[in-house]
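Since the structure comes first, as structure tokens, the remarks are kept for the end.
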Amino acid sequence: MVNKNNLGRLCNHSTSTIDIVQKLQTSHRFRNRHGAFFVEGVRNFIQAVENGFSILTIVHSNKLLTAPLARKFVRQLRRTGTPTVNLSPEQFRQFSRTPRASGIGAIVQERWTPLQKASPTEGLCWIILSKIQSSGNFGTLIRTSEAIGGAGFIILNSSVDPYAWGTVRASMSAIFKQRFIRTNISQLEHWAKRFHVEIIGTSPHGDSNFHHFNFSMGTLLFLGEEKKGLSDREKSICSQLVRIPMVGEADSLNLGVAGSLMMYEVYRNNFLNMAENKPKG
């Protein structure tokens, strides 16, 4: 795990800083080894700071950065000892992936929650993932989970990376308000049994139409991989399999769409129905 002092020494001049940022943007192995990821843009930087993430190094261009609140946070963090690297606009644009470089980025420590310190009842639902092909789909799921009051994601495969650049970008800063757990299927099964909660799997061949299923608060919703869906072992830990009805010729939906539909159905079951059934006056 990288700490502030080590990363400060690594980012000791502009060339090494740019190299490190580019590796964090492109290499899962590099991010995983150092427990850090890179964020760019005013919104991401502010959300990371306001949600208490550890900022390992600020990477900015004083000439490009005009947002007052971001500039204020740069000054505050610099005064408290956070390493800060000031680049020229040309240097910053070497790694910027936004249409218009804002001049602010940060190397941020990843945040993971141990399974034993989490509870199924912390939020409306938890999303379980074992494989996902598209970082954009993952980011969409994170954004939807934050929107409906979901707790976060339980990840069963080391290849699934919430801190990949494409995932962070697609989440539209929601990643800073979600919790992430990495575990394995056996530990997950034991955890669910300990809390007496059911795991609900999604499958085109599920027995229940998701519109007719009663999702409870604290639902553990297991989303299958885009191409192959849930494996037999993954299905074995699910108490129910639900499906999204389709009347056209398509045999599946984009995972970001399918997962979002499922999450909003959990939301509808637990909040909209209660509001509709609440006595008036």
Side-chain angles (χ1 to χ4, degrees), residues 1-28 30-114 117 135 139 142-143 146 152 161-180:
M1 181 70 68
V2 169
N3 60 41
K4 290 186 179 183
N5 293 330
N6 287 340
L7 206 60
R9 286 194 292 269
L10 288 172
C11 297
N12 55 8
H13 55 80
S14 59
T15 303
S16 62
T17 300
I18 293 170
D19 182 57
I20 289 169
V21 167
Q22 290 174 335
K23 287 180 178 177
L24 289 172
Q25 288 174 321
T26 58
S27 173
H28 180 199
F30 190 80
R31 288 191 299 274
N32 192 51
R33 182 165 75 245
H34 294 294
F37 66 110
F38 183 74
V39 300
E40 181 187 355
V42 172
R43 176 190 288 184
N44 279 332
F45 176 67
I46 290 174
Q47 286 296 316
V49 174
E50 290 185 338
N51 284 281
F53 277 71
S54 178
I55 309 299
L56 303 178
T57 300
I58 297 170
V59 183
H60 74 115
S61 174
N62 197 48
K63 290 184 179 180
L64 289 175
L65 182 58
T66 59
L69 183 56
R71 291 179 69 92
K72 175 183 176 182
F73 282 159
V74 170
R75 293 193 300 270
Q76 289 178 345
L77 290 167
R78 186 165 46 206
R79 283 197 296 267
T80 59
T82 300
T84 305
V85 180
N86 185 19
L87 303 176
S88 70
E90 293 73 23
Q91 290 172 324
F92 193 91
R93 291 190 181 103
Q94 286 185 40
F95 56 79
S96 175
R97 295 192 174 189
T98 60
R100 183 178 179 181
S102 63
I104 185 65
I107 298 172
V108 182
Q109 185 172 313
E110 295 180 356
R111 180 184 288 176
W112 295 90
T113 299
K117 293 187 178 180
S135 59
I142 293 169
R143 189 176 179 184
E146 198 279 326
D161 183 9
Y163 297 109
W165 177 84
T167 303
V168 175
R169 181 174 182 270
S171 80
M172 296 295 289
S173 302
I175 193 168
F176 301 109
K177 298 179 181 179
Q178 292 286 283
R179 300 180 73 182
F180 298 96

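Because only heavy atoms are used, hydrogens play no part in the values below, and waters and symmetry mates are left out as well, while side chains stay in. What you see is a predicted model; the values in this text were computed from it and never measured. Residue numbers start at 1 and run along the sequence shown.
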Exercise. Are any side-chain N or O atoms of N51 and backbone N or O atoms of Q47, one a donor and one an acceptor, separated by less than 3.5 Å?
Worked result: yes
Exercise. Can you pull the salt bridge (Lys or Arg N to Asp or Glu O under 4.0 Å) pairs that have at least one residue in residues 69-85, sequence neighbours excluded?
Worked result: none
Exercise. For R93, what residues pass the side chain to side chain donor-acceptor pair (under 3.5 Å) criterion, not counting sequence neighbours?
Worked result: none
Exercise. Minimum heavy-atom separation for L64 to G103, with atom names?
Worked result: CB-CA, 3.6 Å
For this session: Check whether any side-chain heavy atom of T84 sits under 4.5 Å from a side-chain heavy atom of L77, and report yes or no.
Result: no
For this session: Could you tell me the separation between the OG1 atom of T82 and the CD1 atom of I55, rounded to the nearest 0.5 Å?
Result: 7.5 Å
Show me the donor-acceptor pairs, under 3.5 Å and distance only, between side chains in residues 35-42 and residues at least two apart or in other chains.
{"unit_1": "E40", "atom_1": "OE1", "unit_2": "R97", "atom_2": "N", "d": "3.0"}
{"unit_1": "E40", "atom_1": "OE2", "unit_2": "S96", "atom_2": "OG", "d": "2.4"}
{"unit_1": "E40", "atom_1": "OE2", "unit_2": "T98", "atom_2": "OG1", "d": "3.3"}

Seminar exercise, completed: Smallest heavy-atom separation, I175 atom then P162 atom, equals CD1-O, 2.9 Å
Exercise. CZ of F180 to CD of E110: how many Å apart, nearest 0.5 Å?
Worked result: 10.0 Å
For this session: For E146, check side chain to side chain donor-acceptor pair (under 3.5 Å) against everything at least two apart and list the hits.
Result: none
Problem set entry | Test side-chain contact (heavy atoms from CB on, under 4.5 Å) applied to N86 and L65, T17, N62, the passing residue | N62
For this session: Begin from the C-alpha positions of F73 and E50 and carry the test side-chain contact (heavy atoms from CB on, under 4.5 Å) through to its verdict.
Result: CA-CA 10 Å; F73 282 159; E50 290 185 338; 4.0 Å; yes
Exercise. What distance do S27 atom OG and I20 atom CD1 have between them, rounded to the nearest 0.5 Å?
Worked result: 12.5 Å
For this session: Taking all heavy atoms of Q94 and all of Q22, pick out the closest pair and write down the distance.
Result: O-NE2, 3.5 Å
Exercise. Looking only at atom types and distance, does a side-chain atom of Y163 sit under 3.5 Å from a main-chain N or O of N32, one as donor and one as acceptor?
Worked result: no
For this session: State, with a plain yes or no, whether a side-chain heavy atom of I58 is found less than 4.5 Å away from one of I104.
Result: yes
For this session: Would you name the heavy atoms of G166 and S135 that are closest together and state the gap between them?
Result: CA-OG, 3.6 Å
For this session: Quick one: closest heavy-atom pair of I46 and A70, and the distance?
Result: CD1-N, 4.2 Å
Seminar exercise, completed: One should read off an interatomic distance between L56 CG and H34 NE2, to the nearest 0.5 angstrom, of 11.0 Å
For this session: Sort and list the pairs that fulfil salt bridge (Lys or Arg N to Asp or Glu O under 4.0 Å) and have at least one residue in residues 161-173, not counting sequence neighbours.
Result: R31-D161
Seminar exercise, completed: So ring-ring contact (aromatic ring centres under 6.0 Å, His included) across residues 41-63, not counting sequence neighbours, yields F53-F176
Problem set entry | Approximate separation, where rounding is to 0.5 Å, of E90 CD and S61 OG | 8.0 Å
